[in-house]
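Written out below as structure tokens is the structure these notes cover.
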Amino acid sequence: MTDLLSRATRILQDVFGYPAFRSDQAQIVTHVAAGGDALVLMPTGGGKSLCYQVPALLREGVGVVVSPLIALMQDQVAALKEAGVRAEFLNSTLDWKQAQAIERRARAGDLDLLYLAPERLVTERGLALLDDLEIALFAIDEAHCVSQWGHDFRQEYLQLAVLAERFPAVPRIALTATADEATRREIIERLHLREARSFVQSFDRPNIRYRIAGKDTPRRQLLRFIREEHAGEAGIVYCLSRKSVEETAQMLADHGIDALAYHAGFNAAEREARQTRFLEEDGVVIVATIAFGMGIDKADVRFVAHVDLPKSVEGYYQETGRAGRDGAPAEAWMVYGLADVVQQRRLIEQSEADETYRRVASAKLDAMLGLCETVRCRRQYLLEYFGEASAPCGNCDNCLEPPAQFDGTEAAQKLLSCIYRCERASGFAFGAQHIIAVLRGERTDKVLARGHDALSTFGIGADRDEAQWRAVLRQLLTMRLVTVDHEHWNVLRLTDTSREVLTGARRLTLRQEMPRTPARKGAGRPRRKSGPARALPTPAGAAGAPPSPVAAPPLDEALFQALRDWRRGIAREHGVPAYTVLHDASLREIASQRPRTIESLAQVPGIGATKLERYGAAILAIVRAQVALDS
Ligand code: ADP
Ligand code: ZN
């Protein structure tokens, strides 16, 4: 091991309490610590922060971190202080006196890391401060904010180019989780990073299990998912509308789940209060529109649920990426149905935007629908979308319980010809519900009034229930073999390509809809309550630390809860989010290893020297008390 790497590893272990670097981290850290510039692309939760925190501690002077999100900045600083690092931030939440005190400490060389809001850095006062400091490095977090095409564009980020000119000898590291090539080029260009070495990491999040199921009673499905698989755990539920956010949160709360609504309709103070509860307390479920999430740095989110269809794979991946940043098993769970497809298509068709935009939006939606309907590995599909090849993952619903497929040609023909016959008989078209009623041979008022019980297609689909017909229709819609006329009460119409199916020239393989109450096989559900099942197929980017072949002893649930209670007290006392004191992953490890000595406690990932000194005795006392109770 090089000298630099061994010093870096020692800091990783002593300060942060982690045994080994993850995949690219070691290379990045040594490259920057040796004075090189770097561009780092890593998925959310990949571990970007250590890439600049460790070199900042290795090099002389203070590491200056530019970060656009105040909440994130504050949490990071709180976490660093918990680990015994001399870190501070300068942003608009500080009054003049507080800011001055921090500037003084920086000038006195009393800081390891200084977090700065970009608008503050680029002022004369900000630059003058930097002139006075010995700077270890500049880290530019969320570097995609320089991209004028991206949705997070920040004007002040463009001015960060000044750093290259004004401080040519200081290494700069730019970091982002936004993957695409165009953004990467923009970052290099605008931040003058042409000489920088690029580190592009896989976007895979192996600890996240992807599951997408048909929607029938979404709220009940959600309730069951949370109760049976994630009781007492933190999660995010995404809904499309404010109304749906409020109703869903209310429903969960009525069933005893600690759920909170969050959307742009609340005022800033109210939003902040809700966000803080989610961040700082254990096991809160936040029900939100997509307005929630940017800058949410909560490591122990155990699930992200979608009860409405996201507009794009990018959006879906970003939202689901908020689960499991601590590397422990987490789930991305979604239900979707026919109405989602219809609604999203309508939103695009009826939008005021220009033709190009609508074409792009429509292609993105199709890719999202493709993810929902695919019978292949979901992860493979996702990574492929981001230009990455991979093998089937073994940790998504399609891998764990391969979906049944069937030759759907005949079913499709029945449905298409029923649409055709109804329209021809009456002179106008009908919606999904009526078409399915005719297929199933139901004598509804409408069927009788129209005389559709006399059609040749009446009752030819009695072998499938309504949900199954909806699933067939949903798939025909995603393949554009049927369209919905949004201008006319959402009636169904054939398309130019329907004919190929009707004549039998084109055969279709469809995904079989699961029966209404699926008898879940054990494999489909992570068994959360026992220790060994927590072992991952491939631990999150833990290339440096292969999983131990010996199964971990089972988790002591009572001890785990006792530790969380203790942690909540400390977090409240220090006024910081609970996970900055210790991550769930660390508590879980303690609750299964039950260390009895300071030496064995020091082996637990996430417990560095400072935490050991501060909390070691308290933790051992809790373990002892619990073990005594058990015996
Ligand atoms: P990002 O900024 O890339 O989203 P973070 O830097 O917040 O990710 O890291 C995500 C989580 O992974 C954090 O909880 C962090 O403590 C943890 N982590 C990062 N690197 C390591 C490592 N080498 N070993 C163990 N945990 C790590
Ligand atoms: Zn898979």
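Note that ligands are numbered from 1 as they come in the structure, with each ligand's atoms numbered from 1 the same way. Since the structure is predicted, the reported quantities are computational estimates derived from the model, not experimental observations. One-based numbering along the sequence shown.
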Counting from 1, what ligand 1 atoms have a heavy atom of L50 closer than 4.0 Å?
19 (C), 20 (N), 21 (C)
Heavy atom of A585 under 4.0 Å from ligand 1?
no
Identify, by atom number and element, the atoms of ligand 1 in contact range of F21, meaning under 4.0 Å from any of its heavy atoms.
23 (N)
Ignoring angles and geometry beyond distance, decide whether K48 reaches within less than 3.5 Å of ligand 1 through its nitrogen or oxygen atoms.
yes
Give me the residue, atom name and distance of the protein heavy atom closest to atom 20 (N) of ligand 1.
Q25 NE2, 3.0 Å
Taking R376 first and then E384, would you say they form a salt bridge - that is, a charged N and a carboxylate O separated by under 4.0 Å?
yes
SG (C393) to the Zn ion (ligand 2) to SG (C377) angle, given to the nearest 10 degrees:
100°
Under 4.0 Å, counting heavy atoms only: does G46 come that close to any atom of ligand 1?
yes
So which heavy atom in the protein is nearest atom 4 (O) of ligand 1, and how far is it from that ligand atom?
G45 N, 2.5 Å
Cationic N near anionic O, under 4.0 Å, D300 to R588:
no
Give me the nearest non-hydrogen protein atom to atom 16 (O) of ligand 1 as residue plus atom name, then the distance to 0.1 Å.
Y18 OH, 2.6 Å
With the side chain counted from C-beta on, respond yes when N395 and P206 share a heavy-atom pair under 4.5 Å apart, and no when they do not.
no
Heavy-atom side-chain contact between R154 and V146 under 4.5 Å
no
Min side-chain heavy-atom separation R211-F225 under 4.5 Å
yes
Heavy-atom nearest neighbour in the protein, as seen from atom 11 (C) of ligand 1, with distance rounded to 0.1 Å
R325 O, 3.1 Å
Using a 4.0 Å cutoff against the non-hydrogen atoms of P43, which atoms of ligand 1 qualify?
3 (O)
I'd like to know whether the aromatic ring centres of Y262 and F278 sit less than 6.0 Å apart in this structure.
no
Examine the proximity of ligand 1 to A20 and report which part, side chain or backbone, both or neither, has a heavy atom under 4.0 Å away.
backbone
Can you measure from CG (L12) to CZ (R7) and round to the nearest 0.5 angstrom?
14.5 Å
Using 4.0 Å as the upper bound for N to carboxylate O, is an ion pair formed by D37 and R197?
no
Hey, is H583 one of the residues with a heavy atom under 4.0 angstrom from ligand 1?
yes
Examine Y52 together with F138 and report whether their ring centres are nearer than 6.0 Å.
no
Protein contact of atom 17 (C) of ligand 1 - nearest heavy atom, named by residue and atom, plus distance
R22 NH2, 3.6 Å
Please determine if D75 and K298 form a salt bridge, counting it only when a charged side-chain N lies under 4.0 Å from a carboxylate O.
no
Considering non-hydrogen atoms of the protein only, which is the closest contact for atom 5 (P) of ligand 1, and what is the distance?
S49 OG, 3.5 Å
List the closest protein heavy-atom neighbour of atom 8 (O) of ligand 1: residue, atom name, distance to the nearest 0.1 Å.
G47 N, 3.2 Å
